[in-house]
Amino acid sequence: MKNQMRYVMQFVALLFAILLLPFGVSAKSLIPMGHSIGVELQLQNVYLTNDVLLKNGTWLKAGDTIQAINSQQINTLEEVKSLFVSSSGKLMDVKLKRQQKTQHIKIMKEELEPMLSFFRDQTDGIGTLTFIDPDTKEYGALGHQIIDSVVSAPPKFSSGSIFYASIEQIKKSVPGEPGYKISSIEHNAGQLGSIAENNVYGIFGKWSNTLEQGLPKPMEIMQPSEIKVGKAQLLTTIEGKKVEAFDVKITKVDDKTLQFEVTDAQLKQKTGGILQGMSGSPIIQNGRFVGAVTHMYIESPEKGAAIPLTEMLKKQPS
């Protein structure tokens, strides 16, 4: 998510990098998108984002979840703040969970106060919307799983939302250093959809916004056996909310992945190639929907990897 990366061999996931997709998407034709989106997850627990050394020599560790304070169960950051204000005692009993073990820590109230900025119950980031099913109004985005950098695992969440995001600035990718999009999430425009699943194929949910007349027409899904090495287009947003098509060359194809290289001079000049936040950008070939961008090569940011749309639409067994 923001400024978060997940390395896989020489690849780096393009987003602030939870299984099962119960509804599935079975449409033969889907609407290719390419819009930048803000992704927000409401976590099931409150946890620490930093290591903290208490005055008594006890270490609290990043990833510790707060189970209760003064015997009152904690689920949200607002509950932590409320208990802090209402507590009259100087010593607070904090029940926390680290990995699979729970423990009670006594913390002075004045020592707990500056720690509140290290507590978190939400996670957010920027990615790219891949498709909308015009019949079921289900959407898919990112093309890979969100991994929380603090706990190094898919975050357990109670709810989630996606919003349009506007790109304000680009930090270019250079060999060895992936670039990223600097953007603002447009909460005032309203929620676009809910997040039902965060799995190895991306995030999925129900599109709650209206299907605007200006959206692209649905495109037929291309089977991996039909994808050819050669010219294709990548749909993504690098300025404001405008979705643009950029030239790429598909260089390798198999059933579960494909590789490509950015050939568009404008995109290379503006971004250096692939950026964090481009995860989910649709790839189109010969007027048909091929797949979605998922990764980039760190040392060669003009080169990337993608997931075929047929693979992205698969359901994980329970």
Side-chain angles (χ1 to χ4, degrees), residues 1-4 15-20 37-52 54 58-127 141-142 145-163 165 184-199 203-206 208:
M1 302 204 120
K2 289 179 181 176
N3 299 326
Q4 297 176 6
L15 180 68
F16 63 116
I18 319 181
L19 298 168
L20 297 177
I37 53 171
V39 180
E40 298 185 352
L41 296 175
Q42 179 65 49
L43 305 178
Q44 292 180 355
N45 302 103
V46 177
Y47 66 86
L48 277 170
T49 60
N50 298 71
D51 292 350
V52 177
L54 301 178
T58 300
W59 276 101
L60 302 183
K61 296 292 186 179
D64 287 351
T65 58
I66 310 304
Q67 304 288 298
I69 296 178
N70 293 345
S71 299
Q72 295 190 44
Q73 184 175 334
I74 293 297
N75 296 110
T76 68
L77 182 56
E78 196 58 41
E79 290 172 344
V80 174
K81 294 178 178 179
S82 177
L83 274 172
F84 181 83
V85 172
S86 62
S87 176
S88 57
K90 293 183 178 181
L91 195 63
M92 306 189 78
D93 178 42
V94 178
K95 179 184 177 183
L96 59 84
K97 185 175 183 180
R98 180 177 302 164
Q99 297 177 343
Q100 300 303 315
K101 297 181 180 180
T102 59
Q103 56 183 303
H104 287 263
I105 305 293
K106 301 292 185 179
I107 305 177
M108 297 298 293
K109 188 173 182 179
E110 65 268 20
E111 192 173 7
L112 182 62
E113 183 174 14
M115 291 170 50
L116 294 179
S117 61
F118 297 147
F119 289 173
R120 188 168 77 177
D121 66 354
Q122 291 183 334
T123 189
D124 58 17
I126 300 296
L142 309 189
Q145 191 169 42
I146 295 170
I147 302 295
D148 189 286
S149 65
V150 174
V151 297
S152 298
K156 295 180 179 180
F157 66 100
S158 56
S159 62
S161 302
I162 61 171
F163 302 85
S184 58
I185 299 176
E186 298 192 342
H187 293 98
N188 293 338
Q191 175 182 301
L192 297 176
S194 59
I195 301 174
E197 297 294 336
N198 168 34
N199 65 39
I203 60 170
F204 302 85
K206 203 75 173 180
S208 56

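FYI, the numbering just counts along the sequence from 1.
- In this structure, CE on Met115 lies 10.0 Å from OG1 on Thr49, to the nearest 0.5 angstrom.
- More than 12 heavy atoms of other residues, nucleotides or ligands lie within 6.0 Å of NZ in Lys109, so this atom counts as buried by the packing criterion.
- A pairwise comparison of heavy atoms in Leu116 and Leu77 identifies O-CD1, 4.4 Å as the closest pair.
- Heavy atoms only, all atoms of each residue included: Pro114 and Ser117 are closest at O-OG, 3.3 Å.
- When Ile66, Val94, Leu54 are each tested for a side chain to side chain contact (heavy atoms under 4.5 Å, CB included) with Leu60, only one passes: Leu54.
- Within the model, atoms CD1 of Ile69 and CG of Leu112 stand 6.0 Å from one another, a figure rounded to the nearest 0.5 Å.
- Put simply, the side chain of Glu40 never gets that close to the backbone of Thr123: no donor and acceptor are under 3.5 Å apart.
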Stepwise side chain to side chain donor-acceptor pair (under 3.5 Å) test for Gln122 and Asp124
CA-CA 7 Å; Gln122 291 183 334; Asp124 58 17; over 6 Å; no

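- Side-chain atoms of Thr102 do not come within 3.5 Å of backbone N or O of Lys97 as any donor-acceptor pair.
- Here the shortest heavy-atom pairing between Gly38 and Ala165 reads N-CB, 3.8 Å.
- Summarising the geometry, atom OH belonging to Tyr47 is positioned 9.5 Å from atom CG belonging to Asp121; distances are rounded to the nearest 0.5 Å.
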Evaluation steps, side chain to side chain contact (heavy atoms under 4.5 Å, CB included), between Ile107 and Leu91:
CA-CA 6 Å; Ile107 305 177; Leu91 195 63; 5.9 Å; no

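- Between Pro155 and Leu41 the shortest heavy-atom distance is CG-CD1, 3.8 Å.
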Using salt bridge (Lys or Arg N to Asp or Glu O under 4.0 Å), reason through Lys106 and Asp93 one step at a time and then give a plain yes or no.
CA-CA 5 Å; Lys106 301 292 185 179; Asp93 178 42; 3.7 Å; yes

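- The closest donor-acceptor contact from the side chain of Glu79 to the backbone of Thr76 lies under 3.5 Å.
- In this structure, Asn198 contributes its side chain and Ile146 its backbone to a donor-acceptor pair below 3.5 Å.
- Side-chain contact annotation: Thr65 with Gln67, donor-acceptor N/O pair under 3.5 Å present.
- Annotation for Gln191 and Ser194: closest pair NE2-N, 3.6 Å, computed over non-hydrogen atoms.
- When only modelled atom types and interatomic distance are considered, Ser158 and Gln44 share no side-chain donor-acceptor pair under 3.5 Å.
- With 3.5 Å as the limit, one finds a donor-acceptor pair spanning the side chains of Asn75 and Gln73.
- Within the 4.5 Å cutoff, side-chain heavy atoms of Leu96 are placed close to those of Gln103.
- Atom CD of Glu110 sits in a crowded spot, with more than 12 heavy atoms from other residues, nucleotides or ligands closer than 6.0 Å.
- Closest approach of Leu83 to Met92, counting heavy atoms only: O-CE, 4.1 Å.
- Between atom CD1 of residue Ile203 and atom CG of residue Leu142 there is a gap of 4.0 Å, rounded to the nearest 0.5 Å.
- To the nearest 0.5 Å, atoms CZ (Arg120) and CG (Asn45) are separated by 12.5 Å.
- At a threshold of 4.5 Å between non-hydrogen side-chain atoms, the residues Glu186 and Phe163 do not count as touching.
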Go through Asp64 and Trp59 one step at a time and tell me if the side chain to side chain contact (heavy atoms under 4.5 Å, CB included) criterion holds.
CA-CA 11 Å; Asp64 287 351; Trp59 276 101; over 6 Å; no

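- Taken to the nearest 0.5 Å, the CZ atom of Phe119 stands 11.0 Å off from the CG atom of Asn50.
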